[in-house]
Amino acid sequence: GGAVAITGNSTVCSGTNSTTFNLSGNTGSVTGWQWSSTADFATVNAVVNTTTTLTASNLTASRYYRAVVKNGVCAAVNSDAALITVSPITVAGTLNGSATVCTGTNSTTLTLSGNTGSVTKWQSASNNTFTTGLADIANASTSYLAENLTATTYYRVVVQSGACATANSSTGTVTVNAASVGGSLTGNATVCTGTNTSTLTLSGHTGAVTRWEWSEASDFSSGVNTVANTTTTLTATNLTATRYYRAVVTNGVCAPAYSSVATITVSPAAVGGSITGSDTV
């Protein structure tokens, strides 16, 4: 008897792996090796090997190993047990919470799910291949708060399961819209009341025209009227009173913005009037 210890405890990744144990301090010869899935060897599996080394390959679950030693006519004894811990293959999971926000003050929470393994870090980049502007984020949690972005940013999570290789999650995207810019209106005109036509044109804007508005108050403080027109030009016809016009522009999820104000001034029709003072001289 007198077997002592096995060296070679290890942690490996499921699938392709290899671990070699070495028996030392034994008195007597190795008659075989054994393995079990539990430390108490409640279920024993025999390994035909009578040397002091054993190589275990390609395990997919953790195993305990020990050698059986016998010296002459003495009873056989078991060595101490050694453990091969098998890590499940890394699964990086899915990143949820992609959103579109407006530049400046914004907040988006991204959350990782379906992962096998621990989060080692997060990464951000300015393109979805993570080749431009790649930066590590020291965050070992499964969620991340992206705040106050001014440009579209791509995120992923780096996950590792034990001794297995790292893997990258799916990509989460926070799309950032530029602030809405109302732009400028051209086409101010003075027309005669009744039959008239004026065309206003919008330029220098950022976003899409969502509608036009007009009012008889230059500051649009009262009597604001909506025109269902989403193009960059507006034709006003047959006005009988001076009107002020503006376009409403919205870029993505950002707040709308107003263009400059254009004025169509309407002059009253000319009136010939009457002459008095006829006389005979």
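Side-chain atoms are counted along with the backbone in the values below, which use heavy atoms only and exclude waters and symmetry mates.
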For the residue pair P88 and S161, establish whether any side-chain heavy-atom pair is separated by less than 4.5 Å. yes

Correct closest heavy-atom pair for L200 and G187 would be CD2-O, 3.4 Å

Among T186, T233, T235, which residue meets the side chain to side chain donor-acceptor pair (under 3.5 Å) test with T199? T235

Looking at F21 and A82, what are the two nearest heavy atoms and their distance? CE2-CB, 3.4 Å

Measure the acute angle between the ring planes of W214 and Y245, then classify it against the limits of 30° and 60° as parallel, tilted or perpendicular. tilted

Donor-acceptor check, side chain of N196 to backbone of T237, threshold 3.5 angstrom: yes or no? no

Under 3.5 Å donor-acceptor, T206 side chain and V181 backbone: no

For the pair T16 (side chain) and N58 (backbone), establish whether a donor and an acceptor sit closer than 3.5 Å, ignoring hydrogens and angles. no

Give a yes or no on whether I137 and L112 share a hydrophobic cluster (residues Ile, Leu, Val, Met, Phe, Trp, Tyr; joining criterion: side-chain heavy atoms under 4.5 Å apart). yes

Test applied, side chain to side chain contact (heavy atoms under 4.5 Å, CB included); reference residue, W122; option that passes from D136, L95, V158: L95

Would you check if L149 and N106 make a side-chain contact, meaning some heavy-atom pair closer than 4.5 Å? yes

Test log, rule side chain to side chain donor-acceptor pair (under 3.5 Å), inputs T20 and T55: CA-CA 4 Å; T20 298; T55 299; 3.0 Å; yes

Who are the side chain to side chain donor-acceptor pair (under 3.5 Å) partners of T242, not counting sequence neighbours? none

Heavy atoms, side chains only, cut-off 4.5 Å: are H205 and T232 in contact? yes

Of the non-hydrogen atoms in L23 and S79, which two are nearest, and what is the gap between them? CD1-CB, 3.8 Å

Side chain proximity check, Y258 to E213, heavy atoms < 4.5 angstrom: yes

Using only atom types and a distance under 3.5 Å, with no angle test, would you say the side chain of N188 pairs donor to acceptor with the backbone of T263? yes

Can you confirm whether V227 sits close enough to R211 that some side-chain heavy atom of one is under 4.5 Å from a side-chain heavy atom of the other? no

Tell me whether T173 contacts the main-chain N or O of T175 through its side chain, where contact means a donor paired with an acceptor under 3.5 Å. no

Identify the heavy atoms of N229 and W212 that sit nearest to each other, and give their distance. O-CD1, 3.1 Å

Assess the side chains of Y244 and R246: does a donor N or O sit below 3.5 Å from an acceptor N or O? no

What verdict does the side chain to side chain donor-acceptor pair (under 3.5 Å) test give for T150 and T103, after you've listed the backbone C-alpha separation in whole Å, the side-chain angles of each residue and the deciding distance to 0.1 Å? CA-CA 5 Å; T150 57; T103 186; 5.0 Å; no

Below 4.5 Å, heavy atoms only, C-beta onward: do V261 and F220 meet side chain to side chain? yes

Could you tell me whether the side chain of L54 reaches within less than 4.5 Å of the side chain of Y65, counting heavy atoms only? yes

Does S198 reach the main-chain N or O of I264 with its side chain, forming a donor-acceptor pair under 3.5 Å? no

Quick one: does any side-chain atom of N115 pair with a main-chain N or O of V91 as donor and acceptor, under 3.5 Å? no

Do the side chain of N225 and the main chain of G223 share a donor and acceptor less than 3.5 angstrom apart? yes

Run the side chain to side chain donor-acceptor pair (under 3.5 Å) test on S36 and N45 for me, step by step, so that the C-alpha distance in whole Å, both residues' side-chain angles and the decisive distance to 0.1 Å come before the verdict. CA-CA 6 Å; S36 178; N45 301 273; 5.2 Å; no

Flag side-chain contact, heavy atom, 4.5 Å: N168 against V157: no

If every non-hydrogen atom of V101 is compared with every non-hydrogen atom of V174, which pair is closest and at what distance? CG2-CG1, 3.8 Å

Is a side-chain N or O of T108 found less than 3.5 angstrom from the main chain of A99, in a donor-acceptor match? no

Kindly determine whether V209 and T231 satisfy side chain to side chain contact (heavy atoms under 4.5 Å, CB included), including the steps that lead there. CA-CA 6 Å; V209 175; T231 72; over 6 Å; no

Atom of V266, atom of T240 and distance for their closest heavy-atom approach: CG1-C, 3.7 Å

What I want to check is whether the side chains of S14 and T60 have a donor and an acceptor closer together than 3.5 Å. no

